[in-house]
Structures are given as structure tokens and as C-alpha cells.
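All ligand and atom numbering here is 1-based and tracks the order in the structure.
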Amino acid sequence: MSLIPYALARSFLFKMDAEEAHEFTLANVARTQNTLLDRAYRQPFVADPVTLAGLQFPNRVGLAAGLDKNARCIDGLGAMGFGFVEVGTVTPKAQPGNPQPRMFRLPEAQALINRLGFNNEGLDAFIANVKKAHFRQHGRLLGLNIGKNAATPIENATDDYLVALSGVYPHADYVTVNISSPNTKNLRALQSDEALDGLLGALTARREELAAEHGRRVPMFLKIAPDLDEAQVGVIAATLQKHGMDGVIATNTTLARGAVSGLPHAEETGGLSGAPVREASNRVIRLLRTALGPQFPIIGVGGILSGHDAIEKIRAGADVVQLYTGLIYKGPALVTEVASALQQMKAR
Ligand SMILES: Cc1cc2nc3c(=O)[nH]c(=O)nc-3n(C[C@H](O)[C@H](O)[C@H](O)COP(=O)(O)O)c2cc1C
């Protein structure tokens, strides 16, 4: 159990601007990780191993990308009980992201809206931080999530992904190709037929070279949006299989606002996460599972705020889950709650 009840920490943090609270918390985790002070957020680890995409996941709950964009807090976040932690999105060059304010809480809906725009310190700083972490030595899995710089024209997006893939490859248990952030202009266009075919063709060809060079084949996952219709999901599923991608992460944040209309901040531009994205994410997972068959790895993410929500994701077709917004609303105890719920679900 952690020393400080999360409800208390949360009431303090929620008095700050959302991004300020985020930076404050990350700075504290970075400072205290790998020290006894990590007891402020450390949780019991629930062992529930499962093999997926050739990797042994130590349990079925992971941290979703975007919380630790610069990979500063891998060990601290790992102490919260995650079996796998995904950091990034990292872009080849450092970039500031969009003007502030760019992150908003919608507490009535247990949701966030963000338009951060891949603010990050770039690939070199990211890899330097990844190298410092001990997390992987304990059998936990580290996912490195890659994207493109805002200044790179969309026609040249593949170049950015190739640079990022080559940089992160030796340090990753898996690599996530993120083409589903709504906050980088035209990024989601990469989900469409020809663009996706070209991108995945180039990335999987480079992966063959990297596998030969490093003597290790690192699984690659594609992260997709919830705002896709059945036909689009079908094309994505076929393209994933055509190129031998190893899994799919569903989903990123949504542009839809139906579930939060009328609430303060509901009309802010950006991606909506948390409870209101849950059903849209589950819908995409169900479509993917039907299109991809029973074996293809699906990582389910979007709106997990309880063990029950995670069980629903598995029932929709996910093999393992990730969360982000739930951690903000429920605190680190949610990780153990979800891991235990999934462990018990399997035992039944
Ligand atoms: C503030 C914030 C920043 C995010 N940044 C990224 C990112 O950089 N890359 C990415 O793939 N997903 C990013 N996401 C999406 C999350 O990883 C996740 O897919 C989404 O929020 C749905 O899960 P949740 O409801 O558990 O938060 C971000 C989400 C939030 C709330």
C-alpha cells in the first residue's frame, strides 16, 4: 500500500492546472524512483504471465503511451505494478508541441482532453533515459512508441518513422507505431489504405535489416484510433496481416464529443480519453477480433477505470490492456485492481 491515500494527493493535484499537475507528479516520480521514497506510489505486483507476440508479459496491465513522453520515469511507473510500460511518443527531433493550455480535466465524465501535439525532447534524449532504467532487468516489458515531427510534411512521414524505429530498436521489447494521435496535422491519414500499406511495408522491411543487425526480432504494434468505421478497421486488419505486423493497440483518444456534450471544456480541441472513449474503443476491438481471427495480438486501451472495465476489454477481444486516464482519476491502486481482476478472470 502506498503511504499517501491517493484521494488526498488527487485533491491537491486537481487544484493545479492539468499539465502543471502532470509535470509536478512526473518530476517527483523521477526524483524518488529507485529509492525508498517510491513507497509513496509503489503497489504490490500481481504475477499473471501471458505470452503474446512471442513476448512473456508478466501480467496483463500496461501503462499506455503519452504519460511519460521522454522516458524519465520508467522505473517509478514500473513500481506501480505494471507488467509492461510504454513510453513516448518520441519523434526524431525535439519539439515543443502545441501552445498551452493544452490539457483539460472533465471530472464529471472521468475524462481528459489533450492537444499536446507530441511535445518531447527528441530521440537522443529519450534513448539516454531508456538506457538508465532498470525495469527490463526484472522481466517487465518496455514498449517504445514512435511518431513523426510536426514540421515533417506528411508525404515524408515514413522517413521519420524509419529514423525513430532504427533509434529505439535495440532498446525495446516492442515498438509501437503511432499513427492515431489527433493532434499532429494529417497523422490519422496514415491509417488509410495506400498510406498505411506504404508505411508498414517500409517499416517491416527496415525491421528485417535491424533484426539481422541486432540478432533479435523486435515485435511491432500499430496503434489506431477509435474513430474508424467497420470498413476502415477491415482494411487496417488486412494490412497488418499482409505485412506481418505483430499486434495492434486499440485505441487512441477520440474526436467524438457526444458523451461529454455540455460539460465544461467539452468543446476544447484535441483527443478525449477516459470513460467516454471506453465503448468506442471496445467497438473497435470487437471489429478487430472478428477481422483478425482468434490468434492475432490485440492490446486494448481506452476508458479503463476499474477491474470490471478491463474484463470488458478482454471480453471484447483484447489479450492484454493498457491505461492512462484511469491512473489520473483512481491513482496507482488501479493497476493492482486491474491486474488482480484479470488474474481472477483467467482462474475462473
Ligand atoms: C495527456 C495524454 C497524452 C497522450 N499522449 C499519447 C502519445 O504521445 N502517444 C500515444 O500513442 N498515445 C497517447 N495518448 C493516448 C493514450 O495512450 C490512450 O490510448 C488513450 O488516452 C485512451 O486510454 P485511457 O482512456 O486509458 O487514457 C495520450 C493520452 C493522454 C490523456
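For ligand 1 and Thr253, the ligand atoms under 4.0 Å from any heavy atom of the residue are 20 (C), 21 (O). Under a 4.0 Å criterion applied to the non-hydrogen atoms of Ala64, ligand 1 contributes the atoms 17 (O). Atom numbering of ligand 1 starts at 1 in the shown order; those under 4.0 Å from a heavy atom of Gly303 are 24 (P), 25 (O), 26 (O). Here is the list of ligand 1 atoms found below 4.0 Å of a heavy atom in Leu112: 31 (C).
Of all protein heavy atoms, the one closest to atom 22 (C) of ligand 1 is Gly302 CA, 3.7 Å. If you check which protein heavy atom lies closest to atom 21 (O) of ligand 1, you get Ser273 CB, 3.2 Å. The nearest protein atom to atom 9 (N) of ligand 1, hydrogens excluded, is given as Thr89 OG1, 2.7 Å; this is a heavy-atom distance. From the protein, the heavy atom lying nearest to atom 1 (C) of ligand 1 is Tyr324 OH, 3.2 Å. Of the protein's non-hydrogen atoms, the one nearest atom 4 (C) of ligand 1 is Gly66 CA, 3.7 Å.
For the pair Thr251 and ligand 1, a heavy-atom separation below 4.0 Å is found.
By the 3.5 Å distance cut-off applied to N or O atoms, Gly274 is counted among the residues near ligand 1. At least one N/O-N/O distance between Ala65 and ligand 1 falls below 3.5 Å. Residue-to-ligand polar distances keep Leu323 apart from ligand 1: every N/O pair is separated by 3.5 Å or more. In terms of polar-atom proximity, defined here as any N/O pair under 3.5 Å, Gln322 makes no such contact with ligand 1. Annotation: Thr325 places an N or O atom under 3.5 Å from an N or O atom of ligand 1; distance criterion only.
Glu86 and Tyr174 form a side-chain donor-acceptor contact under 3.5 Å, judged by distance and modelled atom types alone. Defined by atom type and a distance below 3.5 Å, a donor-acceptor pair is missing between the side-chain atoms of Thr158 and Lys148.
Scored by the ring pair (Phe, Tyr, Trp, His ring centres under 6.0 Å) test, Phe82 finds no partners at all (sequence neighbours excluded). Take Lys242 and apply the salt bridge (charged side-chain N to carboxylate O under 4.0 Å, His left out) test, not counting sequence neighbours, and it matches Asp197.
Taking the six-membered ring for Trp and the full ring otherwise, Tyr324 and Tyr329 have centroids separated by 6.0 Å or more.
With a 6.0 Å cutoff to the six-membered ring centre and a 45° limit on the axis angle, Arg10 does not count as a cation-pi contact of Tyr6. At least one test fails for Arg60 against the ring of Phe84: distance under 6.0 Å to the centre or angle within 45° of the axis.
The side chain to side chain donor-acceptor pair (under 3.5 Å) test with Ser180 is passed by exactly one of Asn252, Thr251, Thr253: Asn252. Checking each of Asn70, Thr91, Asn149 against Asn120 for a side chain to side chain donor-acceptor pair (under 3.5 Å) leaves exactly one that passes, namely Thr91.
When Glu19, Lys223, His22, Lys69 are ranked by how near their heavy atoms come to atom 8 (O) of ligand 1, first place goes to Lys69.
With a 4.0 Å heavy-atom cut-off, ligand 1 is reached by the backbone of Asn252 and by its side chain too.
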* To do: Begin with the C-alpha distance, continue with both residues' side-chain angles, and end with the deciding distance and a verdict on salt bridge (charged side-chain N to carboxylate O under 4.0 Å, His left out) for Arg217 and Asp246.
  => CA-CA 11 Å; Arg217 185 181 181 282; Asp246 301 278; 3.0 Å; yes

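Salt bridge Arg315/Glu312: absent, no basic N to carboxylate O contact under 4.0 Å.
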